[in-house]
2 protein chains.
Amino acid sequence: MNTPPSGAPRRATISDVAREAGTGKTSISRYLNGELSVLSPQLRARIEAAIERLDYQPNQMARGLKRGRNRLIGMLVADLTNPYSVEVLQGVEAACHALGYMPLICHAANEVDMERRFLQLLTTYRVEGVIVNALGVSEETLRPVGGGGIPAVLVDRSVEGLVADMVGLDNEAAVTVATRHLVERGFDRVWFVVQPFERVSSRRLREAAFHRALTQYPQVNGRTVVVELGDADELAQTLTALDAEIDAAIANRETSGETSEDAATLPRVALFAANGPVALALARHLNQRHGADWQKRVALLSIDDPEWAELAGITTIRQPTYDIGYRAVEFLHERIDGAQASARDCLLPGELIERASTAR
Amino acid sequence: MNTPPSGAPRRATISDVAREAGTGKTSISRYLNGELSVLSPQLRARIEAAIERLDYQPNQMARGLKRGRNRLIGMLVADLTNPYSVEVLQGVEAACHALGYMPLICHAANEVDMERRFLQLLTTYRVEGVIVNALGVSEETLRPVGGGGIPAVLVDRSVEGLVADMVGLDNEAAVTVATRHLVERGFDRVWFVVQPFERVSSRRLREAAFHRALTQYPQVNGRTVVVELGDADELAQTLTALDAEIDAAIANRETSGETSEDAATLPRVALFAANGPVALALARHLNQRHGADWQKRVALLSIDDPEWAELAGITTIRQPTYDIGYRAVEFLHERIDGAQASARDCLLPGELIERASTAR
DNA sequence: TTGTATGCGTTATCAC
DNA sequence: GTGATAACGCATACAA
């Protein structure tokens, strides 16, 4: 259990190089840290040769231990199967590269236990900061970070009781634009479909913004539908019920004088998915029950713009995911360097992508 | 640049705990490493209290430095936007958890430079081993690993000139099953669509297996189409040309006596996508040019089973992704522990998922 | 310009 | 049972 790994041969150390070059460790260290000016050309050449011969690579762990900083930052991702997360990650990686950090990517896979465990792990590895796309359960599991602990930046959602910078979508603006779009397209029943939202700030914000936006359009019938994506049975049940209501809405239209053909080809019901995973669940279910023609029954709009949305012709609000990740690292960088401003929120604008799913 | 981070307060060290508990560092270390039996109950209690009071957490870096092993393994992923990679990752994470490793996830984002850079970085962090889903360019960039370097396990594809374990799909069997499926469904023109495959072993194997399988069915017209997903213009051009050929095939059928309606509703041309990204590109392009009805023109089958495949009704070969990741870590674990068997290949079977895209 | 000595936080060796 | 003390690989204050 505690024996050194036998798989790989021992690597050369700074002492080996010093010996090989016939000098002291200090000069090697200087060479490594770019203090070239203080080295005589000959010594420098000998060191270069020794390093080459021994294929020496400085041990970052030892380096970090000595320096008190290891240039490591943690990136805690709630769910990598969500394209949103991967896109944010790309921004994070780019910024890390630019700023000289190495991101330690941890995937909680929607498990609270994992989240806690990784946070703990990151702490023991002494990362200089963390970017966390939290599951959003309780601040308790996030205790080690933020405020008194290690610098942290939240992504997409804030966590109650935890003071830290946050960067994410301008939900208010995004939802307002999306809602107006649906109303202008003539949908007069708009159902906002969202996962349980009490504990996840971004969902809560979107839901609230939706109802606020609707006050502008008294002729529109709007409501919130909560779906739980985790439980397949419950999900199927909810979606089936939702589907029945769409039926009823269509029937209602028919009895109010429209021809059934109008009702079939001109849906008046629109589903507003609070995020990509919800949209995918909705689309899969509708597709399964009604075939490829389901878009004639009901419109769909989603926040998040995954690759399949174009394929399926879904209107979306695209988030500036790359920028979100990039900004998050920049914020964290400032914190690590000791900036002491109070917690900031950085809200980035979304972009409406109109596609067939909300055309009439 | 080299000053300690000012963002977070200094953490307690083992010496702090020793002082707080009024004892020596050795006892603390013993406590941490579970050598409880050699500690008197009182000392043990004092240590426990001190740790609690100081919120002490051992520094893994220092630990690794001293022990000569840090329980870190690198996971180098070629492309996280490919759901395949994320699924493999889940298996890797699970196995790491079970075996007590911490995976350092590195995302090359299809950039050779990144691949090389991360490999270098992982080396300097002294990971005990690496799992690499290589870009497949040259063995040169992978020099530090495998054979003489640190233990490595390849995923999905092997790299010429690099001796290391490999775990991936049984491409031969998978392609054979898929091809037979298409032929049995009555498609007599089957076009295998693949990215440039010379340098990527899994693609090469699939392409070869396809032609080998076709020798069983002389009545079927099969060929390989190469598409380059990276370059949008070139891709559009290739797909447009491909599309024109489908037109020609349909026209050809019409002149051979079938009614045009038959030709429209009963496609005889099938596209066999070598992987998920290719399938998505094909579907997007066809959808864009012919609308949601494109499946009446041409059939589609793909290796890889991303979430959207069910939504779009695409027949696929699902890879045992989770198992691939899990096995890879198990292999690596054996290597790290010093097992010296020669390089092994582990080929796991795929599963045919029949959907509407290949029905008639 | 170059080298020596000390310490980062931990574990291992050896005394007591 | 318990506790000094010496490494681990590196960086740095200081000396030469």
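Every value quoted in this text rests on a predicted model; they were computed, and no experiment measured them. Chain letters run A, B, ... following the sequence lines, proteins first and then strands; every chain starts at 1. Atom set for the values below is all heavy atoms of this structure, side chains included, hydrogens, waters and symmetry mates excluded.
Base contact: A/S29 has a heavy atom under 4.0 Å from a base atom. A/L39 comes within 4.0 angstrom of sugar-phosphate atoms only, judged by non-hydrogen atoms across all strands, and of no base. B/R10 comes within 4.0 angstrom of sugar-phosphate atoms only, judged by non-hydrogen atoms across all strands, and of no base. Across all strands, A/T124 comes closer than 4.0 Å to no nucleic acid atom at all (heavy-atom distances). Using a 4.0 Å heavy-atom criterion, one finds that A/Y56 contacts the sugar-phosphate atoms exclusively.
Nearer to the 5' terminus of DNA chain D, by closest-nucleotide assignment, is the contact made by B/G22 (compared with the other of B/R126 and B/G22). Looking at which nucleotide of DNA chain D each of B/S37 and B/L65 is closest to, the 5′-most match is held by B/S37.
A rotation axis mapping the C1' atoms of four pairs onto the next four is fitted at both ends of the helix from C/dT1-D/dA16 to C/dC16-D/dG1 over five pairs, and the angle between these axes is 50° to 10 degrees.
Put simply, the side chain of B/K25 and the base of C/dT10 share a donor and an acceptor less than 3.5 Å apart. Between the base of D/dA4 and the side chain of B/T26 there is a donor-acceptor pair shorter than 3.5 Å. B/R30 contributes a side-chain N or O that forms a donor-acceptor pair with the base of D/dG3 under 3.5 Å. In the interface, the side chain of A/K66 is paired with the base of C/dG7 through a donor and an acceptor atom under 3.5 Å apart.
Distance alone, capped at 3.5 Å, places no donor-acceptor pair between the B/N59 side chain and the A/R126 backbone. With hydrogens and angles disregarded, a donor-acceptor distance shorter than 3.5 Å links the side chain of B/N82 to the backbone of B/Y84. A donor-acceptor distance shorter than 3.5 angstrom exists from the side chain of A/E128 to the backbone of A/R71, with no hydrogens or angles considered. Between the side chain of B/S201 and the backbone N or O of B/S158 there is at least one donor-acceptor pair closer than 3.5 Å. A donor-acceptor pair under 3.5 Å links the side-chain atoms of A/R157 to the main chain of A/A134, judged by distance alone.
Following rounding to the nearest Å, A/R44 (CZ) and C/dT1 (P) show an atom-to-atom distance of 12 Å. Taking atom CZ of residue A/R69 and atom P of nucleotide C/dG9, one finds them 16 Å apart after rounding to whole Å. Rounding to whole angstrom units, CG of residue B/N70 and P of C/dT10 are separated by 15 Å. Rounded to whole Å, atom P of D/dG3 lies 16 Å from atom OH of B/Y31. Distance, B/E35 CD to D/dT2 P: 13 Å, rounded to whole Å. Rounded to an integer number of Å, the gap from CD of B/Q60 to P of C/dT10 is 9 Å. B/R19 has its CZ atom 15 Å from the P atom of D/dG3, to the nearest Å. With rounding to whole Å, A/N59 atom CG is found 16 Å from C/dT10 atom P.
Contact annotation: the side chain of B/R30 never approaches that of B/L43 to less than 4.5 Å [non-hydrogen atoms, C-beta and beyond]. Side-chain contact between A/F331 and A/M166 is absent, with no heavy-atom pair separated by less than 4.5 Å.
For the OP1/OP2 pair of C/dT2 and a distance below 4.0 Å, the side-chain nitrogens and oxygens of A/S27 include no atom meeting the criterion. The shortest distance between the side-chain N/O atoms of A/S40 and the OP1/OP2 oxygens of C/dT2 is below 4.0 Å. Distances shorter than 4.0 Å separate none of the side-chain N or O atoms of A/R63 from OP1 or OP2 on D/dC10. Remark: B/N33 is in phosphate contact with C/dT11, judged by side-chain N or O atoms under 4.0 Å from OP1 or OP2.
Salt-bridge annotation for A/R11 and A/D55: present, with a side-chain N of the basic residue lying under 4.0 Å from a carboxylate O of the acidic one.
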